Amino acid sequence: MTEDRLTHLRQLEAESIHIFREVAAEFSKPVMLYSIGKDSSVLLHLARKAFYPSPIPFPLLHVDTTWKFREMIEFRDNITKEYNLDLLVHINQDGVERGIGPFSHGSALHTDVMKTESLKQALNHYKFDAAFGGARRDEEASRAKERIFSFRTENHRWDPKNQRPELWNIYNARVRGGESIRAFPLSNWTELDIWQYIYLEQIPIVPLYLAKERPVVERDGMLIMVDDERMPLEPGETPEMRSVRFRTLGCYPLTGAVESTASTLPEIIQEMLVARTSERQGRLIDKDQAGSMEKKKQEGYF
Amino acid sequence: MNALDQTPASIDAYLKDQEQKTLLRFITCGSVDDGKSTLIGRLLWDSKLLFEDQLATLTSESKRIGTQGGEIDYALLLDGLQAEREQGITIDVAYRFFATDKRKFIVADTPGHEQYTRNMVTGASTADVAIILIDARKGVLTQTQRHSFLASLIGIKHVVVAINKMDLVDYDEQTFNSIVASYIDFAKDLGFESITPIPLSALQGDNVIEPSENTSWYNGPQLLPFLETVEVVKDTLDKPFRMPVQWVNRPNLDFRGFSGTIASGRISVGDGVVEPRSGHQSKIKEIVTFDGNLDTAIAGQAVTLTLEDEIDISRGDMISGLQHRPSSADQFEAKLIWMSEEELLPNRNYIIKLGSASAQARVTSLKHKINVNTLEHTAAKTLSLNEIGVCNFALDKALSFDPYEENRQTGSFILIDRFTNATVGAGVIDFALRRADNIHWQAVDIDKKSRSEQKSQKAAVLWFTGLSGSGKSTIANQLEKKLHAMGKHTYLLDGDNVRHGLNKDLGFTDADRVENIRRVGETAKLFTDAGLITLVSFISPFRSERQMARGLLAEGEFLEIYVDTPLSVCEERDIKGLYAKARAGEIKNFTGIDSDYEVPENAELILDGANLPPEDAADQVIEYLKKHDFI
């Protein structure tokens with residue numbers, strides 16, 4: 001650093017590192033939730049920076065709904081090997097036995113059982129007292145008010161009315177047995193910051209973010225990629241090859257693709273600036289009703 | 001945004017350009033209905049940071065619950081939480097983001113409602129600039145003064161006075177001028193480096209980005225251009241070097257680094273540094289980062305430092321330059337902003353978090369409260385929610401810090417309740433109190449262990465707690481007789497007896513009860529040091545006070561004995577006739593009647609005071625003491 005002025009990305013980076021170190025120093029059993037998406041990629045990159053030259057002093061946890069894109073799982077396994085990460089994968093076996101899936105049971109029940117419930121199972125099982133997440137305050141209105149150290153009760157509930165005031169960069173890390181915090185090092189990043197940082201730091205991301213010819217069907221106004229044979233096609237539906245990319249990644253049946261030819265990072269960033277459609281639009285789960293994310297968060301969804 | 005016009009070929013250049021942006025944090029504050037949320041909504045709108053689906057939601061919600069007669073209600077963007085939306089007021093701090101080609105902005109939208117002042121302080125703690133909104137029709141209000149004072153208290157140096165809703169006063173210059181004059185008169189003593197008044201209409205967009213034709217008489221800056229260019233004091237760079245150590249980085253035996261964020265100043269390889277509390281000195285060997293070692297690092301960077309010498313440094317310590325070291329003391333004066341429904345109790349122990357360091361802290365004297373509306377000082381015994389006081393603090397160990405005036409990073413702290421774990425206060429340090437430095441601990445050769453061994457016992461405090469009439473004193477008395485007969489050395493401190501002498505000056509308010517327990521705890525500690533088995537028989541209704549007493553003693557020395565007798569039984573016994581008086585309203589704050597008794601959660605021993613004869617209860621204690629090798 002020859003300049004005497006930190007750019008906004010360097011400042012955001014330093015603040016995130018500070019948060020990582022506070023949590024690692026104050027909690028006895030932290031974990032980083034790893035969802036394989038671009039925010040997780042940035043989170044992982046920052047975690048490696050925060051503790052260098054030491055390895056990341058906590059495991060990563062992937063809550064696998066068994067409906068993730070195949071390319072996501074492949075990417076996850078490669079990254080785990082390359083960076084020599086301690087990765088835990090949790091699948092809600094009860095949900096698997098009951099055959100819960102987005103096509104048979106709908107998005108709401110699937111998300112509740114395979115994601116929210118599954119996450120709670122894993123947190124209880126390993127007795128983690130702090131969990132890093134990649135949520136950003138610019139994503140959604142209820143997140144704009146959430147703390148960086150966000151307190152959770154024994155039942156993993158968030159109480160938006162009773163949040164601890166958070167001042168300066170001093171974080172209250174006190175919890176009793178069973179209680180925990182969710183820590184959000186990317187709170188003050190925006191979607192544009194994330195993309196600029198990925199570009200600047202050349203952070204690996206799942207190729208699904210880049211446009212490519214992929215088999216999709218149009219359903220309820222969304223482009224759904226036919227990622228495996230589990231997707232039941234309705235009469236008249238035939239997958240067609242279209243140049244698409246994903247702005248956000250989740251379970252493939254619930255994640256809408258956008259038509260695009262942006263196959264490089266600069267093209268994505270430019271497309272994003274022109275497109276002006278916020279990123280969660282591609283996710284079915286937010287659409288149920290206004291305030292739905294707040295309800296999910298109170299129940300323990302990230 | 002120019003990016004919209006870019007071709008893919010030049011987007012690279014655009015991105016390079018964007019990487020040079022700086023970051024500005026600001027807060028908006030004002031009274032309810034001054035238009036804060038509308039202003040921020042407008043800034044997001046004008047900087048094209050609203051996405052189409054957000055816009056669609058906004059349009060439909062404006063029609064449904066908006067307050068602008070179906071027109072776009074920008075305020076709805078900001079009010080994130082459902083309950084707040086229905087109440088129509090913002091009740092918490094919301095953070096919003098927007099960017100122009102010059103800067104990225106983080107906005108804290110803070111409440112105007114009086115009872116939520118703690119949120120304003122929270123939002124202001126990280127801000128460089130405050131936008132104080134004033135309704136042109138109403139002028140400077142009490143809340144305006146309150147928010148300005150809080151901004152000044154929290155160290156904000158640049159204030160924009162946004163005189164909003166100018167459209168509703170026909171853009172009248174005289175109205176603007178007279179509000180500006182009264183604001184400047186009020187704010188002249190608040191220590192702002194700059195005050196920038198701007199006539200605005202957030203709803204209509206006047207003077208937000210472009211000069212407004214409606215205010216042709218106004219020659220000052222527009223809001224957004226001002227925010228893009230205001231030079232926030234970058235003097236953290238010129239300040240002495242400070243880095244609180246967050247984490248000791250020890251991947252293997254050959255590497256020992258200290259990780260932290262540089263709070264102020266700069267550091268280069270070879271520079272001399274010191275850990276101020278121990279006085280140990282060394283030199284910087286390397287400045288380690290993931291991206292390679294640096295020659296120099298500056299305030300705001302998160303780095304890992306290695307030193308030339310093996311000196312003992314851990315989390316909570318500070319690394320400082322050799323010149324202009326911070327204070328290291330266990331007492332200081334600070335301004336305390338109280339943020340809890342439960343009031344501050346002087347002398348109660350709280351947890352202080354200051355930088356990366358934690359300690360126990362108590363307010364030893366509350367000098368005065370500051371009335372945030374008039375700035376007057378008034379005497380006070382406690383602080384309630386949203387009150388601000390000037391206090392002396394005593395800590396259980398020395399920490400390193402600077403006056404807040406000199407360093408916002410190393411002069412700020414939070415207080416945490418030891419039981420609820422809530423953040424109950426925020427403080428800014430005025431200066432260190434040196435008294436503690438000058439009283440040195442007198443080392444003595446004969447210690448507690450040798451005194452105890454001479455008496456063939458292990459010193460301990462047996463702390464009997466329970467309701468009045470539960471049988472504490474009777475059991476304690478029986479127990480002391482038995483121990484005495486066994487040749488053990490004991491002393492019994494009884495609540496009532498102590499109140500006749502040592503604690504004669506104390507009443508029964510919560511604050512006095514805390515002091516009562518503190519003195520008894522300290523006395524018990526001295527007796528323990530003398531090697532005695534000390535029996536304390538005290539109602540001691542609050543968990544935190546019993547915990548405080550426990551905290552004074554060494555691990556394993558404090559035995560909490562809960563005499564568990566139901567209130568109905570105690571009241572029936574009413575040996576001293578006190579319950580009858582309390583029921584008749586003749587005694588106030590009587591435990592069990594109009595003051596709470598907090599049942600112990602982790603008592604070493606629970607005695608059944610209703611059914612067990614006192615003699616048997618005493619035997620139970622003896623059994624416990626034998627089992628744990630005290631006697």
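Values in this document were obtained by computation on a predicted structure and should not be read as measured data. Below, read A as the first sequence line, B as the second, and so on, with proteins coming before strands; counting in each chain starts at 1.
- Checked against a 6.0 Å centroid threshold, the rings of B:Phe413 and B:Phe401 do not count as neighbours.
- At a 4.5 Å heavy-atom cutoff, B:Phe105 makes no contact with chain A through either its backbone or its side chain.
- Neither the backbone nor the side chain of B:Leu24 has a heavy atom closer than 4.5 Å to any heavy atom of chain A.
- Under 4.0 Å is where a charged nitrogen must lie from a carboxylate oxygen, and between A:Glu191 and A:Arg247 at least one such pair does.
- Of the atoms belonging to B:Lys353, heavy atoms from both backbone and side chain fall under 4.5 Å from chain A.
- Contacts between residues 24-32 of chain A and chain B, counted as heavy-atom pairs separated by less than 4.5 Å, involve A:Ala24, A:Ala25, A:Glu26.
- Taking chain B as the reference chain and counting heavy-atom pairs below 4.5 Å, the highest number among A:Trp195, A:Tyr171, A:Phe151, A:Tyr197 is found for A:Tyr171.
- Only the backbone of B:Val303 comes within contact range of chain A, with heavy atoms under 4.5 Å apart.
- Sorted by first and then second residue, the salt bridge (charged side-chain N to carboxylate O under 4.0 Å, His left out) pairs involving residues 41-52 of chain A (not counting sequence neighbours) are A:Glu13-A:Lys49, A:Lys49-A:Glu201, A:Lys49-B:Asp291.
- Contacts of B:Arg250 with chain A are made by backbone atoms alone, with heavy-atom separations under 4.5 Å and no side-chain atom involved.
- In this structure, the portion of B:Ala299 lying under 4.5 Å from any heavy atom of chain A is its backbone and not its side chain.
- Within the 4.5 angstrom heavy-atom criterion, only side-chain atoms of B:Phe255, from C-beta onward, approach chain A.
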